[in-house]
Trainee: 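Below are the structure tokens for one structure; questions will follow.
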Amino acid sequence: MLYRYFAMLLSSALLCCGPALAHEAVRDTGTDPAVVIDRHIQHYVVEPSGAYLLTVDAAKTIVEQRAVQEHGQYYISYNKTLDDVVAIDAYTLKPDGRRVPPRPDQIKDQQEAASSDAPMFQDTRLKIIVFPEVAAGDQLVVRYTVRRNTPLFPGHFEDLSSSPFYLNKNFVLVYDMPASMPLHADAVGFVPVPLSPRDVVPAGHRRYQWRYAGCGNQRLEADAVSYLDYGKRLAVSTFADYADFARAFRANNVLGTGSAAPSPAIATLARQLTAGLPDARARALALSDWVRRNIRYVGVYIGPGGVVAHPAATVLDNRYGDCKDHAALLEAMLAAVGIGSTGALVNSGNAYQLPDTPTLGVFNHMITYVPSLDLYLDPTADSTMAGYLPAGILGKPALLLASGSFAMTPILQPARSRTTTWFDIGRDGRSRFKVSKTASGASAEPWRKTVRETRVAERDQFVRRMLQGLGQKGQGVFDAGKVDSPGKDGSDEYSLSLSGSSEHFLDLPGPSALATTYDVWGGLGEAVFTLGQEKERYQAFVCPAIDAEDETGFRLPKGVRVLALPKSTSLMNGGIHYQSSYARRGSAIVVKRRFTFRHGRATCTPDDYRAMQPALERIMRDLRSQVVVSGR
């Protein structure tokens with residue numbers, strides 16, 4: 001039976017692509033043959049209010065034993081406040097036709113792990129079906145129904161779907177919509193299915209349906225943009241456009257209009273925090289920093305009325321909230337000091353494009369935009385100082401809720417890393433070392449926060465683990481520097497140092513080779529190897545700006561001779577600029593490197609990657625270069 005499914009995988013790929021595109025089957029590097037999706041029928045019956053009844057009929061065959069662990073259970077996600085799971089029917093179908101249903105205790109209900117720390121703000125729960133007696137060759141069958149009693153957006157409906165990377169024999173999405181609610185769609189890899197005489201559509205409804213028509217799948221490459229940017233997906237919505245979507249969002253929220261009225265407590269606090277600050281930008285940064293440091297972030301809140309934010313005064317009293325709550329409080333505080341702002345919806349992951357049809361599926365985060373300052377603030381980002389944005393939000397389309405228009409978050413922001421490492425090598429081959437690291441701009445606060453949250457007793461252990469990562473044994477001391485958050489001076493630079501000793505650093509008398517690259521917690525070499533980690537690319541990928549500088553020095557013991565130094569390198573290729581130098585200073589060797597990368601967008605294309613590969617390969621050779629020494 002297993003051989004039959006492997007044959008089916010190949011023949012289905014050829015059939016769906018057709019002879020002219022049969023070569024695509026050869027490039028199918030992502031489809032996992034361990035599971036076959038026999039059917040997945042997802043059927044919505046939507047009411048004029050936006051409420052709906054969802055029925056899912058799914059069956060999949062376990063082809064390989066390795067899939068049992070991951071696929072031996074099925075997860076039904078629902079919202080405790082908005083939904084009811086009204087029916088579940090499931091069983092394991094054995095090859096001999098025997099059906100084995102789960103026992104009552106094998107259908108569990110639990111809160112989604114991501115929201116376990118804040119249940120009142122995240123009502124998402126999981127029904128977990130644990131299939132019994134699962135083995136390779138079995139088919140797992142489930143049919144369930146979920147009733148959405150309260151829509152996220154009253155009078156509207158939206159959905160976003162894609163298919164997992166398995167052989168899909170019958171993947172169909174069906175939407176029965178009220179005649180008064182036309183459904184807009186943006187379909188890639190899904191084809192419309194015409195109505196047949198056998199279809200029964202509820203009275204007063206119109207049926208829209210699509211079948212997944214995808215062929216092969218390419219594996220997801222390292223740091224690739226979201227599959228939703230380029231892959232096969234279906235976005236459907238009753239919203240005519242994104243301005244219509246923004247209006248519906250505003251109707252459910254207390255923010256986004258730019259006119260949130262601050263409470264007396266909020267107004268008093270905002271004025272205290274900004275007293276004496278020279279201008280509007282300084283005041284905005286101070287308020288955003290206060291919110292991110294003092295309001296604890298918890299999961300997405302969905303209330304009885306759909307997508308809502310708590311009143312700003314409540315957020316201030318509770319001292320916690322989701323991203324909408326942070327934005328509501330910051331908007332009110334800004335208003336208290338005469339600064340207008342608006343909520344802005346963005347994607348905080350790797351999605352850089354939006355479907356033509358508006359859907360909440362891509363928007364997973366809200367930040368704040370101050371139009372008068374052209375300033376974006378993320379008051380939930382506790383590891384990003386105000387004035388900067390988390391890297392995942394750079395270069396993203398932002399839907400401004402007050403106007404319903406689009407803007408673009410900044411592509412570049414200052415962020416620099418400098419590392420100086422010195423090794424004093426003894427005649428016995430041991431070394432004493434000191435590493436000094438300085439991060440500035442957007443990269444300073446993440447380092448500061450990481451160190452601040454590492455217990456003092458564990459910091460020296462970090463040095464030991466760092467040495468192990470470099471293939472060294474030894475011990476050392478971690479000097480954390482000033483780990484409190486920057487003050488009102490707006491300091492955006494952070495420095496720390498590591499010092500200690502390592503064993504067997506150099507084999508003497510030699511001849512021996514000294515590596516010239518020692519990546520210590522995010523050095524220049526790590527940045528280069530991360531950028532060039534794929535041999536070739538077929539997908540656009542995230543390529544953030546890089547500004548890194550390393551200096552590595554070796555003080556050699558008396559009598560050790562330098563037999564060979566690598567040649568210096570200098571190159572410019574598009575947005576890549578790299579320089580390295582190797583010099584003798586008496587008994588010491590000093591290696592200096594500087595690497596910068598700038599691109600006009602937040603993402604790079606496969607063509608961009610092919611163009612930069614020769615430079616990256618040359619830089620990697622330089623990073624792997626060695627100094628050859630010999631002792632007496």
Side-chain angles (χ1 to χ4, degrees), residues 1 5 34-47 51-65 67-113 123-151 157 159 161-164 166-177 193 196 198-202 205 207-212 234:
M1 184 174 184
Y5 280 107
V35 172
V36 169
I37 307 298
D38 300 297
R39 68 177 178 275
H40 184 93
I41 314 297
Q42 191 168 291
H43 187 176
Y44 287 90
V45 179
V46 181
E47 301 171 6
Y52 57 75
L53 193 70
L54 166 64
T55 301
V56 176
D57 181 11
K60 58 185 175 184
T61 296
I62 303 297
V63 179
E64 298 181 14
Q65 187 65 30
V68 171
Q69 181 68 28
E70 180 181 354
H71 293 268
Q73 52 278 328
Y74 190 95
Y75 299 90
I76 302 171
S77 178
Y78 70 100
N79 186 283
K80 184 177 67 174
T81 303
L82 309 181
D83 300 330
D84 289 322
V85 181
V86 296
I88 296 177
D89 180 28
Y91 56 88
T92 303
L93 181 62
K94 309 298 286 185
D96 61 6
R98 181 167 53 94
R99 295 186 178 189
V100 186
R103 301 186 309 269
D105 65 318
Q106 291 176 316
I107 300 180
K108 307 175 185 293
D109 189 280
Q110 68 181 43
Q111 189 172 344
E112 191 175 39
D123 294 326
T124 301
R125 297 189 66 84
L126 296 173
K127 291 281 187 183
I128 304 174
I129 303 168
V130 181
F131 288 96
E133 303 181 25
V134 180
D138 291 348
Q139 187 183 66
L140 309 182
V141 181
V142 62
R143 181 182 174 88
Y144 65 90
T145 302
V146 175
R147 184 183 299 280
R148 167 64 51 96
N149 299 305
T150 305
F157 173 84
D159 187 40
S161 299
S162 62
S163 173
Y166 302 107
L167 172 59
N168 282 273
K169 296 167 62 179
N170 188 24
F171 189 108
V172 179
L173 303 172
V174 183
Y175 305 89
D176 288 339
M177 303 296 300
V193 178
S196 76
R198 294 175 297 176
D199 289 333
V200 179
V201 182
H205 284 66
R207 175 162 294 180
Y208 303 80
Q209 53 189 355
W210 287 265
R211 183 185 302 278
Y212 177 71
L234 174 67

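Note that the numbering runs from 1 along the sequence shown for the chain.
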Trainee: State, yes or no, whether a side-chain contact exists between Val142 and Val56 at a heavy-atom distance under 4.5 Å.
Mentor: no

Trainee: How many angstroms lie between atom CD1 of Ile37 and atom NZ of Lys169, to the nearest 0.5 angstrom?
Mentor: 10.5 Å

Trainee: So, for Val45 and Pro202, which heavy atoms are closest and what is the spacing to 0.1 Å?
Mentor: CG1-CG, 4.1 Å

Trainee: If the condition is side chain to side chain donor-acceptor pair (under 3.5 Å), which residues does Arg143 pass it with, not counting sequence neighbours?
Mentor: none

Trainee: Holding to ring pair (Phe, Tyr, Trp, His ring centres under 6.0 Å), I want the full list of residues that pass it with His43, two or more places apart in sequence or in another chain.
Mentor: none

Trainee: Name all residues meeting the ring pair (Phe, Tyr, Trp, His ring centres under 6.0 Å) criterion together with Tyr44; count only those two or more places apart in sequence or in a different chain, and write none if there are none.
Mentor: Tyr52, Phe157, Tyr175

Trainee: Can you name the side-chain contact (heavy atoms from CB on, under 4.5 Å) partners of Pro164, sequence neighbours left out?
Mentor: Tyr166, Phe171

Trainee: Quick check for you: to the nearest 0.5 Å, what is the distance between Arg147 atom CZ and Thr55 atom OG1?
Mentor: 9.5 Å

Trainee: Looking at CD of Gln139 and NZ of Lys60, how far apart are the two atoms once the value is rounded to the nearest 0.5 Å?
Mentor: 11.0 Å

Trainee: Once side-chain contact (heavy atoms from CB on, under 4.5 Å) is applied, do any residues pair with Val68, and if so which ones, sequence neighbours excluded?
Mentor: Ile62, Gln65, Val134

Trainee: Checking Glu133 now: which residues fulfil salt bridge (charged side-chain N to carboxylate O under 4.0 Å, His left out) with it, not counting sequence neighbours?
Mentor: Arg98

Trainee: Once salt bridge (charged side-chain N to carboxylate O under 4.0 Å, His left out) is applied, do any residues pair with Asp83, and if so which ones, sequence neighbours excluded?
Mentor: Arg148

Trainee: Using 0.5 Å steps for rounding, measure from the OG1 atom of Thr145 to the CG atom of Leu53.
Mentor: 5.5 Å

Trainee: Could you work out, with side-chain contact (heavy atoms from CB on, under 4.5 Å) as the rule, every residue matching Ile88, not counting sequence neighbours?
Mentor: Ile76, Val85, Ile107, Lys127, Ile129, Tyr144

Trainee: So, using ring pair (Phe, Tyr, Trp, His ring centres under 6.0 Å) as the criterion, who are the partners of Phe131 when residues are at least two apart?
Mentor: none

Trainee: Kindly compute the distance separating CD (Gln42) from CG (Leu234), expressed to the nearest 0.5 Å.
Mentor: 9.5 Å

Trainee: Taking the side chain as everything from C-beta on, heavy atoms only, tell me whether Asp84 gets closer than 4.5 Å to Asn149.
Mentor: yes

Trainee: Under the side-chain contact (heavy atoms from CB on, under 4.5 Å) rule, collect the residues that match up with Val201, sequence neighbours excluded.
Mentor: Asp176, Leu195, His205, Arg207

Trainee: Is the closest side-chain heavy-atom distance between Val35 and Glu70 below 4.5 Å?
Mentor: no

Trainee: Is there a side-chain contact between Tyr78 and Asp109 (heavy atoms, below 4.5 Å)?
Mentor: yes

Trainee: Are more than 12 heavy atoms from other residues, nucleotides or ligands located less than 6.0 Å from atom CZ of Arg39?
Mentor: yes

Trainee: Using salt bridge (charged side-chain N to carboxylate O under 4.0 Å, His left out) as the criterion, list what pairs up with Arg103, not counting sequence neighbours.
Mentor: Asp105

Trainee: Compare every heavy atom of Pro101 with every heavy atom of Pro132, then report the nearest pair and how far apart it is.
Mentor: CG-O, 3.6 Å

Trainee: Please identify each residue that fulfils salt bridge (charged side-chain N to carboxylate O under 4.0 Å, His left out) with Lys108, with sequence neighbours left out.
Mentor: none

Trainee: Does a side-chain heavy-atom distance below 4.5 Å link Pro95 with Asp138?
Mentor: yes

